[in-house]
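As a basis for the values below, the full set of heavy atoms in this structure was taken, side chains included, without hydrogen atoms, waters or symmetry mates. Numbered from 1 within each chain, the chains take letters A, B, ... in sequence-line order.
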Amino acid sequence: MDQKKCNELWQKFLLKIKKFDTNVILPPPNVTGSLHLGHALNIAIQDLQVRFSALNNYYINWIPGTDHAGIATQMLVKKSIGEKADNLSREELIEEIWQWKKKSESRICTQIKTMGALLNWEQYTFSLNENVTHAVRKVFCDLYQNKLIEKDKRMIYWDTKLQTAISNLEVQFKQIDGHFYHIKYFVTSKIPTKKDIKDSDKFFETSITVATTRPETIFGDEAIAVHPADKRYQHLIGCYAKIPLTNKWILIIADERCDPKKGTGAVKVTPAHDFLDFEIGKIHNLPQTVVILKNGTLAHNNLVPKSIQGLTIVEARKQLCNLIDMHIENLNHLVPYGDRSGTILEPYVTSQWFVNVEKLAPKALRVVRENNLSIIPEYWIKTYEHWLENIEPWCISRQICWGHKIPAYYTANGSIFVAEDEDSLEKQLAQTKYKRKDLREETDVLDTWFSSALWPLVTTGWPNQKTQINDFLVTGSDILFFWVTRMILMSMYCNDQIPFKTVYLHGLVQDEKGKKMSKSKNNVIDPMTILEKENADILRFALLYNSVPGKNARFSTKDIDTSRRFHIKIQNMINWTKLQNIWTKQHNIKYKHFWNIWIFNEITKLSQKVKNQINKWQTHEASQTVYFFTWNTFCSWYIEGAKHLLKNEDTKLETMHTIRVVISHLLHVLHPFLPFITEQYWQELYQNNEYEKSILKSKWPNLTQIQISDEKLHTTREIVKQIRSWSSIFNIDRNKTVKFMKFNELNENEEYDDVMLASQMLNLNFERGHADFLCLPLTILELIVYLPIKNITKEKIKEKLQTIIDVKSKTLIMLNKRLQDDQFVENADFKIIQETKESASELQDTIDMTSKMIQNLENKK
RNA sequence: AGGCAUAUAGCUCAGUGGUUAGAGCGUUACGUUGACAUCGUAAAGGUCGUAGGUUCGACUCCUAUUAUGCCUACCA
């Protein structure tokens, strides 16, 4: 089993392709570590399509690559370095990450190759390659010039652990058990003076209680808002409330966005630390008072009590419970977490770069609505549309070092220059008073998905070359918004064309209980440990067999077992042909025997069926089809019969030939599912192990069925099936001969090779004629077969025959009832009526025959 | 809160406006060890989530409802 040789052969095959028909990109894995089962599934599905296409003379330039995965990789590297990471300079850290990248990249590429993917490695791209940087800068500048990118001070989600802004999409809301803190603010209608404050006890008129989940932000409060129509608080509007533990007084204001039903109906407004408060603050002209720092600790300023300055949010909250008299209630609520760092995110007002994606969205919506771009499964289209219709500006700047630098430059007084390269920057400067040395380069880098959004372009030489529309994209449904939509948006913007015609979304690979695989749950199945033990084919088939579009696949070692059994079955089947000397003498003989013609027609049908299923992306069904054919149709039926044809000199040679032909076709049909084993057998059995021509060189079987009545085939299979079935109820007397008769005519010369084959498969002796002893008469198609049973009595036979009549009559009555229904006859399709009639008459025949047998039995006494 | 999806055999899931709804695994019985670290055959097991409607005919289409999952959302 030399898989390396197969890979070499396939690479050679790719090199010889002069012109590819289309491009397809492999979703670039992150250089964070190694491949997981999701990658393996993704590769298996694409490789199935790529190989199938190649077998049908359609060549796909499947382009591999890896992604730098900014935040994720930087985080991992820092973690691996430990505390020393903080002492490294920016450049040193970047260097460390490059080292990590090299290792991870080479590991990933080896793993992909082990899977047997038919990728064009000549065009391998890493997302920080020079040409990618070039394209990224170009697109950024274009967008900036068209006012589609802008820098702005807005409230964004801030990750206090990673100390960077992140986009809305990277926020994961989690339902957690938290607390609702009811805090009392004392209230007065008079403007408080210094004296009042000193003498506060006498001064208070009333109080207002505010419910919050974030008591530590009270020092940033700038108002308390109530609904204007809320009768409980109307009289307090315009009064002043005192923030506990401070001498700060804030106004009670009216705002319609307050929901009287929530909490106490009065909400504290903290414009610097909450999205809604930020909006309210803008309208009411409130200052943004920052009390929580970028690292998630309480600020050192005179608003925050000394004792909690510098504490983390969690610690501060604990302290405040002791310092302030408050009522605490349990509350299950949603809290924003960073999907990478796993920490609670802080709303924070900072200056960031944004893409106004809402202006790009209409085109992306149109291409899907006009069916230029299809998504499989279709129901994702609704989600896609919904998201694009409600899309918000995309925050693309990240305060980390690993990534594409934002091509912006600042002067000391805050003027911004955005330039693709130094030349263009100089040109811009020439028209101003600034010099290059006056400028400070932006240190922020771009969100990784910004360069990913250009992936179909950058992998194929854009902007120097125009990018072709890819045939398809295969990726996980979890990154539809992160990646797929953004590629569509960018491709429409840069190229004014869709990036791909079809998007196939597969689900996640979960464990057998339907849980996400994660290290903490210790339920991760590493594809590499499977690949160490098993052939890649086994992993691939297990994944494909499980994969239904858009649905998560539950994966367990049982699936590997099933797949391995299939693999072994194929090996055993081929082994058997070798033992039969099928391959030694190569006679090219026309098949005449119905059994051989039948299997030829079956493989013809199979190749058509699988072709349709692959074209429709029905990977699961296609896998099932090839599995069923190989195991049941070919091994259990055809070969079991062929064993007897090989014993007979008349049929021996043509059967050997049939087996050779059918297996050659079967190897092709199986190839996209099991590339290694099929290539190996192809080389061994058909290419004399010369390793010159890959199986991909020869083509998918597009055959024409041989016209033949399948009556004989049915007879053989029916006899075998029925007698097997009866033999599980009765004990067949194998010492006696099975007599059989034909219903209607008595052609002495007829060969009955169908009955003979059945008799051989059953290991019973068949002979024409009536039985002269008591036995079980069976009606099988046109035949009466007298099955000898040990210790049979007349009553038992009658009983069995009667059950046959009973069962058949039940169905017959139903069918007749339907046929007598005028409505049915009027409305149903002609074909359906015809079929119903035929079934009814067949049933009637069987019933008649069986009754006759009962009569005969009685006549015999 | 809204959107989407799912509900079918003991388990994991396919599938279809038309007789009697399938597969793999599991269970039970029998057979085989002559390609099969087995294999084969057979059996048991399902009012296709619930309730209505459309139709000659609904597991399939429509409506409502329940449960579960995912996505989206500013809930103090």
Side-chain angles (χ1 to χ4, degrees), chain A residues 155 168-169 171 173 180-181 210-214 217 224-225 257-259 261-270 274-280 331 333-334 336 347 377 379-387 390 392 477-478 480-481 507-508 512-514 545-546 548 550-556 558-559 561-562 565-566 568-580 618 620-621 624 627-628 631-632 635-636 639-640 643 720-721 723-729 731 763 807 810-812 814-815 818-819 821-829 831-833 835-836 838-840 843:
Chain A
M155 183 163 272
N168 295 353
L169 268 183
V171 181
F173 285 91
F180 219 7
Y181 302 85
V210 158
T212 177
T213 52
R214 308 205 50 196
T217 62
I224 286 175
R257 275 168 291 192
C258 291
D259 186 342
K261 284 180 208 132
K262 277 171 194 162
T264 59
V267 60
K268 60 192 223 51
V269 180
T270 321
D274 183 276
F275 280 91
L276 180 64
D277 295 1
F278 180 73
E279 296 300 319
I280 293 176
L331 177 74
H333 65 138
L334 285 173
Y379 60 74
W380 277 107
I381 290 174
K382 284 188 186 169
T383 314
Y384 171 89
E385 287 180 348
H386 182 258
W387 190 72
N390 298 290
E392 283 170 22
S477 49
D478 53 330
L480 177 64
F481 302 137
L508 303 170
E512 58 187 321
K513 284 172 195 150
Y545 197 86
N546 257 306
V548 175
K551 277 197 180 176
N552 294 340
R554 293 190 182 187
F555 193 86
S556 71
K558 266 189 192 167
D559 297 300
D561 293 340
T562 308
R565 273 159 29 96
F566 184 45
I568 292 172
K569 184 78 181 175
I570 294 170
Q571 290 172 37
N572 283 320
M573 180 265 286
I574 300 281
N575 261 347
W576 173 81
T577 64
K578 289 178 187 167
L579 291 171
Q580 300 296 318
Q618 297 169 335
H620 163 82
E621 284 99 319
Q624 224 170 35
Y627 181 95
F628 187 86
W631 204 297
N632 293 297
C635 291
S636 297
I639 287 184
E640 288 311 310
K643 280 177 183 172
V720 172
K721 269 159 89 175
I723 292 184
R724 273 176 183 168
S725 172
W726 286 111
S727 72
S728 73
I729 302 167
N731 208 348
N763 200 15
V807 170
K810 238 180 176 177
T811 325
L812 182 65
M814 216 167 63
L815 290 184
R818 189 167 307 157
L819 284 167
D821 184 348
D822 293 344
Q823 300 274 34
F824 173 73
V825 179
E826 263 175 54
N827 293 307
D829 282 351
K831 210 179 128 196
I832 298 295
I833 298 172
E835 277 171 19
T836 314
E838 276 166 28
S839 313
L843 280 171

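- Side-chain atoms of A:D821 lie closest to B:C56 of the nucleotides B:C56, B:C4, B:A14.
- Looking at heavy-atom distances under 4.0 Å, A:N827 makes contact with a base.
- The interatomic distance linking A:R257 (CZ) with B:A73 (P) rounds to 18 Å, in whole Å.
- As a whole-Å value, the separation of A:N390 CG from B:C4 C1' is 14 Å.
- The residue A:T270 sits apart from the nucleic acid: no heavy atom pair falls under 4.0 Å.
- OP1 or OP2 of B:C25 lies within a sub-4.0 Å distance of a side-chain N or O belonging to A:R565.
- Ring planes of A:W387 and A:F481: parallel class, angle under 30° (limits at 30 and 60°).
- Judged purely by atom type and a 3.5 angstrom limit, A:D274 uses its side chain to pair as donor or acceptor with the backbone of A:L276.
- Here the separation of B:C62 from B:C4, taken at their P atoms, is 13 Å to the nearest Å.
- Atom CD1 of A:I568 and atom P of B:A37 are 6 Å apart (whole Å).
- Using a 4.5 Å heavy-atom cutoff, the side chains of A:K643 and A:W576 are in contact.
- Atom CG in A:D561 sits roughly 21 Å away from atom P in B:A23 (whole-Å rounding).
- If you check every strand for non-hydrogen atoms under 4.0 Å, A:D559 touches nothing.
- Using a 4.0 Å cut-off, some side-chain N or O of A:S636 falls inside it from OP1 or OP2 of B:G40.
- Contact annotation for A:L169: backbone-only contact, meaning every heavy-atom pair under 4.0 Å involves sugar-phosphate atoms and none involves a base.
- Across every strand in view, B:U72 sits in a pair with B:A1 that passes the Watson-Crick or G-U test at under 3.5 angstrom.
- A:K643 has its NZ atom 11 Å from the P atom of B:G40, to the nearest Å.
- Base pairing annotation: B:U47 forms no Watson-Crick or G-U wobble pair, as no partner gives both donor-acceptor distances under 3.5 Å.
- Separation of the C1' atoms belonging to B:C11 and B:G46 is 14 Å when rounded to the nearest angstrom.
- Taking atom C1' on both nucleotides, B:U41 is separated from B:U32 by 11 Å, rounded to a whole Å.
- Nucleic acid contact for A:W631: sugar-phosphate only, since backbone atoms but no base atoms lie under 4.0 Å from a heavy atom of the residue.
- Rounded to the nearest Å, the gap between the C1' atom of B:C13 and that of B:U54 is 30 Å.
- Using a 4.0 Å heavy-atom distance criterion, A:F628 is classed as making no nucleic acid contact.
- As a whole-Å value, the separation of A:L480 CG from B:C71 P is 12 Å.
- Residue A:K382 is the one, among A:L334 and A:K382, whose nearest nucleotide of RNA chain B lies closer to the 5' end (criterion: closest heavy atom).
- Both A:Y379 and A:N575 lie close to RNA chain B; mapped to their nearest nucleotides by heavy-atom distance, the more 5′-ward contact belongs to A:Y379.
- Residue A:H386 contributes atom NE2, which lies 14 Å from atom C1' of B:C70 at whole-angstrom precision.
- A distance of about 28 Å separates the C1' atoms of B:A58 and B:G3, rounded to the whole Å.
- The closest donor-acceptor contact from the side chain of A:H620 to the backbone of A:Y545 lies under 3.5 Å.
- Rounded to whole Å, the C1' atom of B:G57 lies 23 Å from the corresponding atom of B:A64.
- Across all strands shown, B:A67 pairs with B:U6; the Watson-Crick or G-U wobble distances both stay below 3.5 Å.
- Both distances falling under 3.5 Å, in either a Watson-Crick or a G-U wobble arrangement, occur for no nucleotide opposite B:A14.
- In this entry B:U54 has no Watson-Crick or G-U wobble partner, no candidate having both defining distances under 3.5 Å.
- Across all strands, A:E640 comes closer than 4.0 Å to base atoms (heavy-atom distances).
- OP1 and OP2 of B:U41 both lie 4.0 Å or more from every side-chain N or O belonging to A:K721.
- Using a 4.0 Å heavy-atom cutoff across all strands shown, A:I574 reaches no nucleic acid atom at all.
- Base-pair partner of B:U19: not found among the strands shown (Watson-Crick or G-U wobble, both distances under 3.5 Å).
- Nucleotides B:C59 and B:U6 have their C1' atoms positioned 15 Å apart, rounded to a whole Å.
- The residue A:K569 sits close to a base: some heavy atom pair falls under 4.0 Å.
- Spacing between atom CG of A:D274 and atom P of B:A73 amounts to 16 Å, rounded to whole angstrom units.
- Side-chain to base pairing of A:S839 with B:U19: one donor and one acceptor N or O lie within less than 3.5 Å of each other.
- A 3.5 Å limit on both hydrogen-bonding distances identifies B:G40 as the Watson-Crick or G-U partner of B:C30.
- B:U27 and B:U33 have their P atoms separated by 24 Å, given to the nearest Å.
- Within 4.0 Å of A:T811, counting heavy atoms only, lies at least one base atom of the nucleic acid.
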